[in-house]
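Quick notes on the structure that follows.
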Amino acid sequence: MEYVYDFGDDVQHIISLEKVMEADETAKYPRIVSQNKPKYRYCEVCEKLGKNIIATWICIDCSNEEERDVLLCDDCVMKEHEDHYAEEMLY
Ligand SMILES: [Zn+2]
Ligand SMILES: [Zn+2]
């Protein structure tokens, strides 16, 4: 399966059928039978203060400057990166 988005970027998945089962009469199809847990990453400012707050922003300006991912929560992106270009994290 290939998911094409933006201007030609894509993600490819190999799907393998593992089992065919009787339909559950009471279930609605299609349905999700299993799902990976999102791998949350944490706000680095809050982490230094001993708090694990899920990062919802990546500051692109700081990440480029420091050559690493600078990840922030809503509060921290507003406080110290107000004038910076930041993008929302997708999980
Ligand atoms: Zn924070
Ligand atoms: Zn920044």
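Order of appearance sets the numbers: ligands from 1, and atoms from 1 within every ligand.
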Legend entry - Tyr40 side chain to Tyr91 backbone, donor-acceptor under 3.5 Å: no
Legend entry - Centroid separation Tyr3 to Tyr5 less than 6.0 Å: yes
Legend entry - N, O or S atoms of the protein lying under 2.8 Å from the Zn ion (ligand 1): Cys43 SG, Cys46 SG, Cys73 SG, Cys76 SG
Inset, instruction - Please name all residues satisfying side chain to side chain contact (heavy atoms under 4.5 Å, CB included) with Val4, sequence neighbours left out, ordered by chain then number. - result: Glu2, Asp10
Legend entry - Joint cluster assignment, Tyr42 & Leu71, ILVMFWY side-chain distance < 4.5 Å: yes
Legend entry - Counterpart residues, salt bridge (charged side-chain N to carboxylate O under 4.0 Å, His left out), relative to Asp69 (two or more places apart): Arg41
Inset, instruction - Give, rounded to 10 degrees, the angle between SG (Cys59) and SG (Cys62) as seen from the Zn ion (ligand 2). - result: 110°
Inset, instruction - Would you name the N/O/S atom of His81 that lies closest to the Zn ion (ligand 2)? - result: ND1
Legend entry - Candidate pair His81 and Leu72, rule side chain to side chain contact (heavy atoms under 4.5 Å, CB included), full reasoning: CA-CA 9 Å; His81 303 259; Leu72 305 153; 3.5 Å; yes
Inset, instruction - Identify, with sequence neighbours excluded, every residue that meets salt bridge (charged side-chain N to carboxylate O under 4.0 Å, His left out) alongside Glu66. - result: Arg68
Inset, instruction - Taking the Zn ion (ligand 2) as the reference point, name the nearest N/O/S atom of His84. - result: ND1
